[in-house]
Amino acid sequence: MSASRRNIKSAMSKSGPKIEIRKQAPKERIKNFDEVALGLSEEEAVSEASRCIQCKKAPCVSGCPVEIDIPKFIDLVKNKKFIEAARSIKEKNNLPAVCGRVCPQEDQCEKVCTLKAKGAAISIGYLERFAADYAIEHEDKAVPHIRKSGVKVAVVGSGPAGLTAAADLAKAGYSVTVFESLHKAGGVLYYGIPAFRLPKRVIDLEVSYIRKLGVDIKSNMLIGRTVSIAGLFDDGYRAIFAGTGAGLPGFMGIPQEALNGIYSANEFLTRVNLMHAYKFPEYDTPVRVGKSAAVIGAGNVAMDSARCLLRLGVKEVKIVYRRSEAEMPARVDEIENTKEEGVDMRLLTAPVKFIGKDGSVSAMACIKMKLGEPDASGRRRPIPVKGSEEVIKVDTVVVAIGQGPNPLLPAATPDIKTDKRGNIEVDANGMTSVRGLFAGGDIVTGAATVIEAMGAGKRCAVNIDAYLKNRLK
Ligand code: FAD
Ligand code: SF4
C-alpha cells in the first residue's frame, strides 16, 4: 500500500460517526407547514466537519455542478469560522441556504466523497445549510464591490437558473434586470417546493442578497405578452438569458381525468405554496380536498403533494406508482420522510380510468404492473398484469407524472428553435437560434434539479460575458 493510501486509511479510521440532522417528529409535523429538518447546532456542525479528511484530489468538488470549494468551506466550519465558510461558498453559489436544503447531494458531491467507501459520506449539504443559515442569522451583509459597466442584460424567469445567471452577470459588472411572470421571485423554489422543506423566508433572504448585487427584479412581467424578446432588444438589452422552466403540467390521458377533485400537481402546489391556500381564509385562495386522496407519480413533486395533502387534514393519502420503490425518482430523504408521515405506498399500480359521482371524482380503476426490461429512461418498464384490475376509492387526486417546458416564450418568439418536446435548443455556449438570446435550466434540459439549473445559469453568464466583450470591442 502506498504512503498516501495508508494516510487516507488511517485518517478514515479516526473520523467519528456521521451526525444525523434533527427533525420534527412525524406525528407533530403533519399538523404544520414548519420546516421538518431542524439543522445542525454549532457543536454538531464542527463535529461533522471534523470528519472530513481533506483529501487532496477532493472528488466532491467535481461532483458539485457549481464547483464549490467543499474542503475549504468544511475546514472553515471545523475551525468555527462560520461566516467565512458561508462567504467561501457564495463565491460559487448564490443560493447556498436553498441548495443546502433541496440539492440531491446523495447523487452529487456526497456520492463521490471518499468517506462513502467506508460507510458515511460527509454531510456536505447539512454543512452548507448550516454555514448559510449562520450567515443569515448573524446578518452578514458583505456584498462584493462591483464596478458597473452600464451594459444592460435581461433575464427572463427568476427560478434558480435565472437568479444564478443574474447574480453572476451583476458580479461581472452588467446592469441586470430579471423579468418574472409571477408576483414572487424564486420560480419552483417558491411556488412548487413546500415551506416544510424550504421556508419562504430563506428564499426571500437569498433573493434579497441577489438584489443587493444590483439586480433589478420586475415581477408580473410575462415576456412574450407584456413585452417580446425583440422588444427587450429594442429597449437596449444587449443580451438576454431565458430560464423559463418546465411548468406545463402533464396528464395521463385516461378517461374522466377532467372530473372535479383531480388537480395537476402544478395547480395544487401553486395554490398551497404561492397562494398560501393552507392559510385560507386569511389568504384568498382556497384548495378543496376530501378525506381520501391519491397522488399519481413518485418524484419530488409527488412526495411534496402527498405531504401537503396530509397537512391540509386529509386522513388517507396514497402514492400510486407504476414501478417499484427502487425506480422512484424522488430524493431518498424525501421518500423516507413521506413514509414516516404515514403515506401509503401503492407500488406497481397504475390508474386506467377515473370514476365520478355528480361531476366529482369518487374512485379510480387501477391495474397491477410487473417490471420488464429497462426502457429508454434506463428504468425497468412496467407491464400490466392481466386480470389484476381493482377499484380504489378516492375523493381527491393529484397528478404528478412530470412537467413539460413552459411554451409561451418559444411560441411568441419567431426564429427560436425547439426540439420535439418543446425544449429550447441551444449551442455549446448556451445561445439559442436567436442571436444574443441564451437559455438554460429546465427550459433546455426538461425537468431536472435546482443545482443543474444553477450550473446552466452560471455557464451561460460566462458565455454571455464573452459574447458581449467580443461584440463591444
Ligand atoms: P423554474 O424554477 O421553473 O423557474 C422558471 C421561472 O420562469 C418561473 O418563476 C416562471 O414563472 C418564470 N417564467 C416562465 N415563463 C415566463 C415568461 N414568459 N416571462 C416571465 N417569466 C416566466 N430539484 C431539486 O434539486 N431538489 C428538489 O428537492 C426538488 N423538488 C422539486 C419539487 C417540485 C414540486 C418541483 C416542481 C420541482 C422540484 N425540483 C427539485 C426541480 C427544480 O425545482 C427545478 O429543476 C428548478 O427549479 C428549475 O429551475 P429553472 O430556473 O430552470 O426553472
Ligand atoms: Fe472531505 Fe469527502 Fe470531499 Fe474528501 S471527498 S474532501 S472527505 S468531503
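Treat the numbers as computed from the prediction; the structure is a model and nothing was measured. Both ligands and their constituent atoms are indexed starting at 1 by order of listing.
Residue contacts with ligand 1: A447 is excluded, as none of its non-hydrogen atoms falls under 4.0 Å.
Within ligand 1, the atoms closer than 4.0 Å to a non-hydrogen atom of G187 are 2 (O), 4 (O), 8 (C), 9 (O), numbered from 1 in the order shown. Each of the following atoms of ligand 1 lies closer than 4.0 Å to a heavy atom of G441: 52 (O). Listed by number with element, the atoms of ligand 1 under 4.0 Å from a non-hydrogen atom of L222 are 17 (C), 18 (N), 19 (N). For ligand 1, the atoms closer than 4.0 angstrom to any heavy atom of G245 are 3 (O), 5 (C), 53 (O). Atoms of ligand 1 found under 4.0 Å from any heavy atom of I193, numbered from 1 in the order shown, are 29 (C), 30 (N), 31 (C), 32 (C). Residue M221 has at least one heavy-atom neighbour below 4.0 Å for each of these atoms of ligand 1: 19 (N), 20 (C). Proximity to L182 (heavy-atom distance under 4.0 Å) selects the following atoms of ligand 1: 11 (O). Atoms of ligand 1 lying under 4.0 Å from at least one heavy atom of L269, given by number and element, are 34 (C).
No donor-acceptor distance shorter than 3.5 angstrom exists from the side chain of R322 to the backbone of T349, with no hydrogens or angles considered. In terms of modelled atom types and a separation under 3.5 Å, the side chain of T432 and the main chain of L437 share a donor-acceptor contact. Between the side chain of R271 and the main chain of P286, a donor-acceptor pair closer than 3.5 Å is present. The backbone N or O of A25 sits nowhere less than 3.5 Å from a side-chain atom of E28 that would complete a donor-acceptor pair. Without hydrogens or angle criteria, K291 side chain to E316 main chain gives no donor-acceptor distance under 3.5 Å. Judged purely by atom type and a 3.5 angstrom limit, S158 uses its side chain to pair as donor or acceptor with the backbone of G186. Side-chain atoms of T445 come within 3.5 Å of backbone atoms of G441 as a donor-acceptor pair (strictly under, hydrogens ignored). Proximity of a side-chain donor or acceptor of S433 to a complementary backbone N or O of D415 within less than 3.5 Å is detected. Between the N93 side chain and the I89 main chain, no donor and acceptor come within less than 3.5 Å of each other. No donor-acceptor pair closer than 3.5 Å links the side chain of E341 to the backbone N or O of I30.
For atom 28 (O) of ligand 1, the nearest non-hydrogen atom from the set R331, R197, E334 comes from R197. Between atom 38 (C) of ligand 1 and the options T445, V188, D442, the minimum heavy-atom separation is to V188. For the residues T449, T244, L274, the heavy atom positioned nearest atom 14 (C) of ligand 1 is part of T244.
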>> For E340 and R29: C-alpha separation, side-chain torsions, deciding distance, then whether salt bridge (charged side-chain N to carboxylate O under 4.0 Å, His left out) applies.
In response: CA-CA 11 Å; E340 274 176 14; R29 70 191 193 223; 2.8 Å; yes
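For the residue pair S264 and E267, no side-chain donor N or O sits within less than 3.5 Å of a side-chain acceptor on the partner. Between the side chains of S324 and E327, a donor-acceptor pair is found at a separation under 3.5 Å.
Here the protein heavy atom with the shortest distance to atom 11 (O) of ligand 1 is E180 OE2, 2.7 Å. For atom 23 (N) of ligand 1, the nearest non-hydrogen atom of the protein is V450 N, 3.4 Å. Ranking protein heavy atoms by distance to atom 27 (C) of ligand 1, first place goes to V102 O, 3.5 Å. Given atom 33 (C) of ligand 1, the protein heavy atom at minimum distance is V301 CG2, 3.6 Å. In terms of protein heavy-atom proximity, atom 13 (N) of ligand 1 is nearest to S181 OG, 3.7 Å. The shortest contact between atom 41 (C) of ligand 1 and any protein heavy atom is with A448 O, 3.4 Å. Closest to atom 5 (C) of ligand 1, if we only count protein heavy atoms, is G243 O, 3.3 Å. The shortest contact between atom 51 (O) of ligand 1 and any protein heavy atom is with A161 N, 2.9 Å.
Distances between N or O atoms of I443 and those of ligand 1 include no value under 3.5 Å. Checking only distances, I223 does come within under 3.5 Å of ligand 1, N or O to N or O. Of the polar atoms of Q403, none of the N or O atoms is found under 3.5 Å from an N or O of ligand 1, judged by distance alone. Annotation: L408 places no N or O atom under 3.5 Å from an N or O atom of ligand 1; distance criterion only. When only interatomic distances are considered, the shortest N/O to N/O separation between I451 and ligand 1 does not fall below 3.5 Å.
The proximity of N406 to ligand 1, defined as any non-hydrogen pair under 4.0 Å, is limited to the side chain. Contacts between Y190 and ligand 1 below 4.0 angstrom, taking non-hydrogen atoms only, are absent altogether. Using a 4.0 Å cut-off between heavy atoms, D304 contacts ligand 1 through its side chain alone, with no backbone atom that close. With a 4.0 Å cut-off on non-hydrogen atoms, N266 does not touch ligand 1 at all.
For Y237, the ring-ring contact (aromatic ring centres under 6.0 Å, His included) test picks out F179, with sequence neighbours left out.
Checked against D375 for a salt bridge (charged side-chain N to carboxylate O under 4.0 Å, His left out), the options R380, R323, R381 give a single hit: R323.
With a 6.0 Å cutoff to the six-membered ring centre and a 45° limit on the axis angle, R311 counts as a cation-pi contact of F196.
Of all non-hydrogen atoms in C99 and V450, the two that sit nearest each other are SG-CG1, 4.5 Å.
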